[in-house]
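Contents: one structure, followed by commentary.
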Amino acid sequence: MTNVVRKTDTEEKSMPVLRRKSHFVSFFSDLIRSKTGLAGFFIICLLFVIGIIGFLIVPFNPMDTETAQKLLPPHTEGHLMGTDQLGRDVFSRVILGTRVSLTIGIVTVVLAGVIGTVIGVLAGFFRGWLDMVLMRIVDVQLSFPFILLVLVVNAVLGSGLKNIIISLIIAGWVVFARVVRSEVLAIREKEFIIACVATGVSGWEIMVKHILPNLFTPIIVLASLQVANFIIAEASVSFLGFGVQPPQPAWGNMLNEGKDYIFNAWWMITFPGLAIVITALGINLFGDWLRDELDHDL
Amino acid sequence: MPEFIIKRVLQTLIVVFLALTGVFFLVRLSGDPTILFLPPDAPKDQIAEYRHTLGFDRPLYVQYADYIIHVVQGDFGDSLVTKESALGRILSSFPATLQLALSAFVVSLVIAIPIGVLSAYKRNTWFDKFGVGLTVLGQAIPSFWLGLLFIYFFAVKLHWFPTGGRSASLSMILPTATLAIYSLARLVRFTRSKMLDVLKKDYIRTMKAVGVSTLEILTKYALKNALLPIITLIALDLGALLEGAVITEIVFSWPGIGMQVMNALMSRDFPVVMAGIFVISLIYSVINFAADLLYSVVDPQIRLK
């Protein structure tokens, strides 16, 4: 645990719920004014479209192996990004990989976010032994590189889509819990919470009705930035041979297969990697903009 | 201060102990651990025999106590593959990791600080936008992919460097470059933001007004004041460097701790995995501890509890 004392919050931070609702339109006009935020937003929208209707637009079945057509370079026989060692169309596999990456990124962030928020709120509000236990778990997990933790948990649980999601959640919820806890510690000292306690509002009601709505901004900002981290982590783990297993197309395991053909098929290591970079870039650009827009001191 | 140090050393020990406990129960509770310690195609009678030799047929608390007693003595058991001491195997690969991490750290520092300083000074110019763009892009590129591209261009196409390993004299260059670029983005951002803080100060404005040369202001006054917080932030970030080193080692078959743990995971050599986790979490905790100490020295306003 670092002993850095967080800067105390500014007064305006207790009011974002009101401000946000009445300025929904200005939110979008702000977005249009920011070049980088808008670029990120477009990339994300595009990825969602590809993720949802991707299977309709692929020129080849991404699972179809055609050994006579293996390792074809890009732009031959209708294969835009060439074919892999089994003759499968790389373009179609990259497109289908979008859905895997987005699913993993979103599902893990939502679940890790919910678990982390619940535990963070309870720990920050009740303090005591729960807080003690939580902070020790956070310390332990932070004493270890995130990616290695995901790798070890995944190796123990076994590979596959479901287990990589579980591994990412196990490794990733602590970040949410820590941020939420420190926010709750600041909020519970505010006058309106003290007033609630004084007038006899129950603990649960304070947490759900008065503290939770004020956590919206930091959680959304953190979640948007974590999506990219989780997607890259999944790709790294799948690249190392764990995580999502072939023949299911995922960018990480495509790169893993591609590295064995690095001497004669540059396209196999190029396009899936580009897809990861574009995705992470889009999410980070939008996330950075969102952070500046919603919260200036997070 | 000494009280703080003792407290933190104790805290570090507790964290490392809890990390080992966590992994112990993760391995034991996720199914039959014997299977994890054996090749996937092992016959049934061999599994049963092995369960007994490894002591997995005993109650869990006995296994745990036994494990902790051995670990405290530095005994993580023997590697299931090579039969040598698991901890010894990990420790023997520590110099390789240290060499890679340190050289990458120095390279990225030498490049990042000038870029960050100039970026802050020429705020909102094309140079600054280039610097900021670099940091945004740097965060989006996975280091393992960057490593693959380097191998393709500089080893496969140009034949300048070997594709991996540590034996050849030039084999250090590509992993170092990959890891350096991985940490470059964050170091540029730290330097830029701290320099921006300092450049806003009144004394910098006064110096400009008095006519002190730009170069002198930047190096002698601004950077000097920004340097300590920058160094501290960088120290706090060393953990991320270690994380990058793990992946980089695997991509380039660099025989460090990261690759050892990865190989052990692949061959289900769990004693080596546990020893690796112990050493890595110890290094991580020590780095964080050192960074916190440094932080308190640089900024006495930070309370040490």
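Heavy-atom basis, side chains included; hydrogens, waters and symmetry copies ignored. Below, chains carry the letters A, B, ... as their sequence lines are ordered, and counting in each starts from 1.
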Completion exercise
Between A:V109 and A:F230 the two heavy atoms that sit nearest each other are CG2-CD2, 3.5 Å
Handout entry: Region of B:I277 that comes under 4.5 Å of a non-hydrogen atom in chain A
Key = both
Handout entry: Contacting region of A:A228 [heavy-atom separation from chain B under 4.5 Å]
Key = neither
Fill in the blank from the handout: Comparing B:F144, B:Y152, B:F17 against chain A, the one with the most heavy-atom pairs below 4.5 Å turns out to be B:F144
Practice task
Using a cut-off of under 4.5 Å on heavy-atom pairs, state which of A:L149, A:I262, A:I137, A:I283 scores highest against chain B.
Solution key: A:I262
Exercise for the section: Taking the side chain as every heavy atom from C-beta outward, state whether A:I106 and A:F48 have any pair of such atoms under 4.5 Å apart. Expected result: yes
Exercise for the section: Hey, could you give me the CG/CD1 distance between A:N229 and A:I147, rounded to the nearest 0.5 Å? Expected result: 9.5 Å
Handout entry: Pairwise side-chain contact, B:Y67 with B:F76, heavy-atom cut-off 4.5 Å (strictly under)
Key = yes
Handout entry: Contact origin within B:V246 toward chain A - heavy atom pairs under 4.5 Å
Key = side chain
Problem - chain B contact via A:L274 - side chain, backbone, both or neither, heavy atoms under 4.5 Å - result: both
Handout entry: Any side-chain heavy-atom pair of A:I166 and A:N163 under 4.5 Å
Key = yes
Problem - Test item: B:Y182 and B:E243 side chains (from C-beta on) under 4.5 Å apart, heavy atoms - result: yes
Practice task
With a 4.5 Å cut-off on heavy-atom pairs, point out which of A:T270, A:I278, A:V153, A:I170 contacts chain B the most.
Solution key: A:T270
Practice task
Can you tell which part of B:I250 gets under 4.5 Å to a heavy atom of chain A, answering side chain, backbone, both or neither?
Solution key: side chain
Handout entry: chain B contact via A:F242 - which portion, at a heavy-atom distance below 4.5 Å
Key = side chain
Practice task
Could you check if a side-chain atom of A:W251 sits within less than 4.5 angstrom of a side-chain atom of A:I232, using non-hydrogen atoms only?
Solution key: no
Fill in the blank from the handout: d(A:E234 CD, A:I231 CD1) to nearest 0.5 Å is 8.5 Å
Practice task
Give, as side chain, backbone, both or neither, the part of B:L137 having an atom under 4.5 angstrom from any heavy atom of chain A.
Solution key: both
Exercise for the section: Name the region of B:I141, side chain, backbone, both or neither, that has any atom closer than 4.5 Å to a heavy atom of chain A. Expected result: both
Handout entry: Structural part of A:I269 lying under 4.5 Å from a heavy atom of chain B
Key = both
